[in-house]
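Each remark here refers to the structure printed beneath this line.
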Amino acid sequence: MTDATAPAPIIVTALFGRSDQGWLDGARREHFPPERNQLDAHLTLFHHLPPSIESELKHRLVQETRGIRPPPARVSALMPLGRGVAYRIDSPELAAIRVRLVDAFAGLLTPQDAGGWRPHVTIQNKVTPAAAKVLLAALNRDFRARDVEIVGLGTWWYRGGPWEALSRHMFA
């Protein structure tokens with residue numbers, strides 16, 4: 001059992017508007033193995049930030065969101081993940097925010113967070129490659145790019161199971 005008060009890594013995600021969150025959650029519920037689906041659909045900016053930067057991170061996220069218009073974003077394509085499928089998200093402004101945060105925390109990032117960013121929302125994972133290919137083909141038949149609303153940035157504690165909300169930073 002994990003200690004809920006022990007320092008834990010911090011995850012940073014983009015927060016979707018209500019209707020887009022509902023649509024993405026529905027796709028995830030439909031296609032994700034139920035026994036592995038512990039989280040709502042999410043767009044991760046950082047997977048593992050050290051808990052020691054909590055205060056500085058919150059300060060920087062306030063600077064990136066307060067009084068700032070939401071960044072335009074678009075589900076532009078389906079992405080094969082090998083053992084799953086995701087929606088690729090295109091948002092140059094959100095990518096620019098992430099670059100600024102990478103620069104600010106450069107020496108503290110894991111290799112995964114320091115490396116290239118492929119923004120996506122996973123709707124299927126932990127299945128066989130064959131099952132993933134079947135879903136990818138089925139979804140590609142009717143796929144249409146669509147805009148999605150990014151309403152803010154959220155931080156979460158990761159303690160081994162479902163994430164624990166830490167803070168929300170909403171765009172204007």
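Computed from a predicted structure; not experimentally measured.
No donor-acceptor distance shorter than 3.5 angstrom exists from the side chain of Glu164 to the backbone of Trp156, with no hydrogens or angles considered. His59 places no side-chain N or O within donor-acceptor distance of the main-chain N or O of Leu57, the cut-off being under 3.5 Å. A donor-acceptor contact shorter than 3.5 Å is absent between the side chain of Asn37 and the backbone of Phe32. Counting only distance, with no hydrogens or angles, the side chain of Arg88 and the backbone of Met79 share no donor-acceptor pair below 3.5 Å.
The cluster map of Ile, Leu, Val, Met, Phe, Trp and Tyr, joined by side-chain heavy atoms under 4.5 Å apart, puts Leu15 and Trp23 in different clusters. Leu108 and Leu101 fall within a single hydrophobic cluster, where Ile, Leu, Val, Met, Phe, Trp and Tyr side chains are chained together by heavy-atom contacts under 4.5 Å. Cluster annotation: Ile150 and Trp117 are assigned to the same hydrophobic cluster (Ile/Leu/Val/Met/Phe/Trp/Tyr, side-chain heavy-atom contacts under 4.5 Å, transitive). Hydrophobic clustering (ILVMFWY, side-chain heavy atoms < 4.5 Å, transitive): Ile68 and Leu43 are in one cluster.
Residues Val12 and Thr44 fail the side-chain proximity criterion, which asks for heavy atoms closer than 4.5 Å. Contact check for Val75 versus Asp90: no side-chain heavy atoms found under the 4.5 Å cut-off. Side-chain contact between Val102 and Phe46 is present, with at least one heavy-atom pair separated by less than 4.5 Å.
No more than 12 heavy atoms of other residues, nucleotides or ligands lie within 6.0 Å of NZ in Lys126, so this atom counts as exposed by the packing criterion. Crowding of Arg66 atom CZ: a count of heavy atoms from other residues, nucleotides or ligands under 6.0 Å not exceeding 12. Sparse packing is recorded around CZ of Arg168, with 12 or fewer heavy atoms of other residues, nucleotides or ligands lying under 6.0 Å away.
Here the straight-line distance linking atom CG of Leu94 with atom CD1 of Ile89 works out to 9.5 Å at 0.5 Å rounding. Taken from CD1 in Ile97 to OG in Ser91, the straight-line distance is 7.5 Å, to the nearest 0.5 Å. Rounded to the nearest 0.5 angstrom, Arg28 CZ and Gln21 CD are separated by 10.0 Å. The distance from atom CG of Asn125 to atom CZ of Arg83, rounded to the nearest 0.5 Å, is 8.5 Å. Expressed to the nearest 0.5 Å, how far CD1 of Ile10 lies from NE2 of His47 amounts to 15.0 Å.
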Give the intermediate values and the outcome of salt bridge (charged side-chain N to carboxylate O under 4.0 Å, His left out) for residues Glu56 and Arg60. CA-CA 6 Å; Glu56 177 68 15; Arg60 289 184 183 274; 2.7 Å; yes

Under the criterion side-chain contact (heavy atoms from CB on, under 4.5 Å), I'd like the reasoning laid out for Trp157 against Glu54: C-alpha separation, chi angles, the key distance, then a yes or no. CA-CA 10 Å; Trp157 294 116; Glu54 175 189 354; 3.5 Å; yes

From CA spacing to verdict: side-chain hydrogen bond (donor to acceptor under 3.5 Å, both in side chains), Ser167, Thr155: CA-CA 5 Å; Ser167 66; Thr155 63; 2.5 Å; yes

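Residues meeting the side-chain contact (heavy atoms from CB on, under 4.5 Å) test with Tyr158, sequence neighbours left out: Ile11, Trp163. Residues satisfying the side-chain contact (heavy atoms from CB on, under 4.5 Å) test with Ala145, not counting sequence neighbours, are Arg74, Phe143.
Cation-pi check for Arg69 over Phe171 is not met; the charged atom does not lie both under 6.0 angstrom from the ring centroid and within 45 degrees of its normal. Figure legend: cation-pi geometry between Arg146 and Tyr87 absent, as NZ or CZ is not positioned both under 6.0 Å from the six-membered ring centre and within 45° of its axis.
The only member of Val151, Val148, Asp40 that meets side chain to side chain contact (heavy atoms under 4.5 Å, CB included) when paired with Phe16 is Val148.
Checked for salt-bridge contact, Asp142 and Arg144 miss the test: no charged N lies under 4.0 Å from a carboxylate O.
The nearest pair of heavy atoms linking Ala132 to Gly82 is CB-O, 3.7 Å. For Pro162 against Leu39, the heavy-atom pair with the smallest separation is CA-CD2, 3.9 Å. For the residue pair Ala131 and Gln124, the shortest heavy atom distance occurs at O-NE2, 4.1 Å.
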